[in-house]
Structures are given as structure tokens and as C-alpha cells.
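A short worksheet on the structure shown next.
Every value quoted in this text rests on a predicted model; they were computed, and no experiment measured them. These values consider heavy atoms only, across backbone and side chains, with no hydrogens, waters or symmetry-generated copies.
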Amino acid sequence: MLRFTVLAPVRYSRGLATHVSQAVNASAKTPTRHDWTKTEIKEIYDAPLLDLVYRAAGVHRQHHDPTKIQLCTLMNIKTGGCSEDCSYCSQSSRYSTPTKASRLVDIEPVLEAARKAKENGSTRFCMGAAWRDLAGRKRGFEKILTMVSEVRGMGMEVCTTLGMLSPEQARQLKEAGLTAYNHNLDTSREFYPSVITTRSYDERLDTISAVREAGISVCSGGILGLGESDADRVGLIWEVSNMPEHPESFPVNALVPIPGTPLENNEPVAYHTLLRTIATARIVLPTTIIRLAAGRQTLDEFKQAMCFMAGANAVFTGEQMLTTPCSPWDEDKTMMNRWGLDGMRSFEQASVAKKEGSRLSATAPLSSAEHHSTTEPTGSA
């Protein structure tokens, strides 16, 4: 007698291009480690690119909502005249570049820029000043503390990059309401002296330690295209992965060569190198926000989508970065609509919210309703 087994019908569905199968999502969560070796990270970095991206996409979906992108806007509040010799930077007083020195911006224009950023869907507002440190800048620092307090009062995350900080300065910024402090390592410890000589690698690490100990979230990443090797990119990721706490965000910048700087003739970093770095960082730093930063405007929409697939989940958007172009709000909103992406709420990242503590009850983060602005452009960039 013949016996037949009736199989249940298989249903196929078509999901977003930035989504991976549920089989990946169902796997056990990748643990956060602080004992990575360079050999382990190199093995990840050297994997076949599509396999690497696929693995990174799985890790990303274990720890993050793959439909959410953090929108950040950056404002240069004090341009040029910096005493440092960072060979990529047009703000150094040592180089003849199109960037001219200016005084610290007044408070009201900064607040107006923050309000505009919020109206356009940005939930983190970053302020950068071209200084080596805050020594002898008491009045300027007091003005910045007011800026931080006022922007935080809008319900936005607030980030600054002001050069080296002492523990006391970090404490004052925390009290004013600072959410995050950006202090990039730029590259590996070994290659660093080829890029900068006026500030040591350990001085950068000391500032990061002061920021962390003050209870401020750390934003620290690097720049690709400085002339570094794959080993240096691995070394950068290794350095931050072995910190006591992984940075809450890891910016991946692609060098934008600026006339007059020592690196003005550097070749653009290859896209596959950028993608490989993002994917490796996502696997090694599973809970960190990976920020697709400077140079993004050179990538077409499909290359950006591949970066999001590989684990990038934050961008700078708006009118300008510090000294280089930025993708405008309306273009980013249109792109995000096409790919089924939405803006992240302020303080949505668990580790950032934890460091905010009781402040979150005093000033509520942006609501989902306010985030409709990520799909409806307001004004022009």
C-alpha cells in the first residue's frame, strides 16, 4: 500500500533589502568582548567580503533595530587657528588652506541651528571647536556649557569635540547635560605618529578615560585614507575593543583631501575597504553605534545601503560637517524612505540612556510623532 506524506505549504515572503532572514535573527546573541586579539580581528577583516557583510548583518540584528538610523547634525562653533598638526585637517594654523580662523560663535546662532536640526529629524546635535585643549579658555568654556545645557533642554542628545579634556572639565560638561564627547583615535597606535606629532596617542586615551569616568558617553573612531594599511585599520578596532567599555559610538570617516594639507593628494579610500571596516567594527563592537561620517556624500545610495546592511546605523546629516560637505536633510529623508529606514529616537541606545539616568525624566526624548519629520522634509539644506 502506498503511503503519502502531506507537507505543509511553504510560504515565501519578500522583505526589505536591508533585512536578513529570521534564521540569522534566531541565533544566540553575540557577546560583548574586551579581550579580542589582533589576530582574531584580522581573520574577521580578511574574510570574503560578502560573507563578512552577511555575518555583520546578523550581529547587527541581534543588538539593534535594523530599520533605525541615528540622525546627527554637526556644527563648527569655532573654526581654524588650531595649534595641532593633524595632517588631514584644514583647521591647523600650520597649513595654508581655505579654512580661516574665527572666534567662538555666539550662543543664539548655535541654538537656532539646533532647533533647525531637530525640526528636520536630527536627534543628536554635535558642536566642534578647533582647539588643542581648553587651557586659558575659561569664558569660552562657560559659553559652551550654556550651549550644552540649552540644547539638552530641547530633548536632544548633545555631543561636543573640544580637544583634550581634564577630569574636572569633563565633570562640568556632564553637569551641564552633555550626552557624548567625540575624541577620535584616528588610526592605529603604530601609524599615528605619521599623521600627528603634537598630541600623543596616550593623551587621546587619557581624555577618553576622563570622559568615561565623568559618566559621559564616548564617541571615538577613525579616519580611512590617511595612508594606513589594513593592519592599521585592524589595530584601530582592536584598540577600542579592548577599552574597559566599548565606545557608545564609533565614527568611520573617509578622508576628504583638502588643498593645503599634507594629505591633499591622497587617493580616496576604496569603497570595499570602507565596507570591510564597518562590517568588522560591527562584529567586534556589537552594541556600539557605527557612524558613517565624513566622506559619505561621495557614496551613491546603493553603496550607503550596503553600509547599513553591514551594521552602520548613524549618519551626519544637514548643511555642513566641520570643514567638509554633508548630505542634506531632504536627500537623506528621501533615501531612508526608499529603503524602509526611520530615524532613531533620542536616547534610544540603552547604554546612552543608562548614563543619562534621572535626566531623562526631566526632559523627555523626542517622541515617535516628532520623528515623522524624518519622512517629511522641512526647509532646504
Side-chain angles (χ1 to χ4, degrees), residues 72-105 126-134 137 159-164 181-204 207 219-233 235-236 239 250-271 273-274 277-278 291-299 315-316 318-327:
C72 315
T73 295
L74 177 60
M75 181 178 183
N76 199 339
I77 60 173
K78 195 280 168 192
T79 306
C82 182
S83 62
E84 302 272 34
D85 68 351
C86 307
S87 55
Y88 52 81
C89 186
S90 67
Q91 301 199 83
S92 171
S93 60
R94 298 164 185 252
Y95 313 132
S96 179
T97 72
T99 303
K100 303 305 177 186
S102 66
R103 293 179 177 274
L104 182 65
V105 176
C126 309
M127 296 173 280
W131 287 327
R132 170 181 166 78
D133 53 36
L134 291 167
R137 308 185 195 281
C159 179
T160 58
T161 179
L162 312 169
M164 293 187 290
Y181 194 82
N182 169 258
H183 205 63
N184 290 332
L185 292 180
D186 289 344
T187 187
S188 70
R189 180 183 288 273
E190 293 77 13
F191 188 68
Y192 181 87
S194 301
V195 182
I196 303 158
T197 66
T198 52
R199 185 190 317 186
S200 73
Y201 210 72
D202 286 326
E203 284 177 316
R204 287 184 181 264
T207 290
C219 174
S220 185
I223 306 172
L224 308 184
L226 301 174
E228 77 286 352
S229 65
D230 286 343
D232 294 311
R233 297 172 198 119
L236 169 66
E239 194 75 48
F250 181 81
V252 179
N253 297 276
L255 177 70
V256 179
I258 299 175
T261 64
L263 302 185
E264 63 179 337
N265 295 317
N266 276 32
E267 291 294 321
V269 65
Y271 172 67
T273 298
L274 175 70
T277 303
I278 288 170
R291 197 178 313 284
L292 187 55
R296 181 172 71 94
Q297 84 287 348
T298 66
L299 304 179
V315 297
F316 283 110
E319 297 169 334
Q320 180 80 15
M321 292 193 64
L322 290 179
T323 59
T324 58
C326 188
S327 297

Shortest non-hydrogen contact from [X] toward [Y]:
X: Pro262; Y: Ser87; result: CD-O, 3.2 Å
X: Arg204; Y: Leu185; result: CB-CD2, 4.0 Å
X: Ser220; Y: Phe250; result: O-CD1, 3.2 Å
X: Cys219; Y: Arg291; result: SG-NE, 4.3 Å

For [X], give me all partners under side-chain contact (heavy atoms from CB on, under 4.5 Å), at least two apart in sequence or on another chain.
X: Ala130; value: Cys82, Gln91
X: Ser194; value: Phe191
X: Ala101; value: none
X: Asn184; value: Asn182, Asp186, Pro251, Asn253

Are [X] and [Y] side-chain neighbours, meaning at least one heavy-atom pair lies under 4.5 Å?
X: Asp85; Y: Tyr95; result: yes
X: Leu299; Y: Leu274; result: yes
X: Cys86; Y: Ile196; result: yes

Using side-chain contact (heavy atoms from CB on, under 4.5 Å) as the criterion, point out the one residue from Thr261, Asn266, Leu224, Val269 that pairs with Leu255. Asn266
How long is the gap from [atom1] on [X] to [atom2] on [Y], to the nearest 0.5 Å?
X: Ile278; Y: Leu292; atom1: CD1; atom2: CG; value: 5.0 Å
X: Ile77; Y: Leu104; atom1: CD1; atom2: CG; value: 5.0 Å
X: Leu236; Y: Tyr192; atom1: CG; atom2: OH; value: 12.0 Å
X: Tyr201; Y: Glu190; atom1: OH; atom2: CD; value: 8.0 Å
X: Ile258; Y: Glu264; atom1: CD1; atom2: CD; value: 10.5 Å
X: Asp133; Y: Ser83; atom1: CG; atom2: OG; value: 7.5 Å

For [X], side-chain hydrogen bond (donor to acceptor under 3.5 Å, both in side chains) partners two or more places apart:
X: Glu84; answer: Arg132, Thr198, Arg199
X: Ser229; answer: Asp232
X: Asp202; answer: Arg189

Under the rule for ring pair (Phe, Tyr, Trp, His ring centres under 6.0 Å), what residues qualify as partners of Tyr181, not counting sequence neighbours?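 None.
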Quick one: do Leu162 and Arg137 satisfy side-chain contact (heavy atoms from CB on, under 4.5 Å)? Show the steps, please. CA-CA 11 Å; Leu162 312 169; Arg137 308 185 195 281; over 6 Å; no
Report yes or no: does [X] contribute a side-chain atom to a donor-acceptor pair with the main-chain N or O of [Y] at less than 3.5 Å?
X: Thr160; Y: Met127; result: no
X: Ser92; Y: Cys89; result: no
X: Glu239; Y: Gly235; result: no

Listed partners of Asp230 passing salt bridge (Lys or Arg N to Asp or Glu O under 4.0 Å), at least two apart: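 Salt bridge (Lys or Arg N to Asp or Glu O under 4.0 Å) check on Asp230 returns Arg233.
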Applying salt bridge (Lys or Arg N to Asp or Glu O under 4.0 Å), which residue pairs with at least one partner in residues 91-105 are found, sequence neighbours left out? none
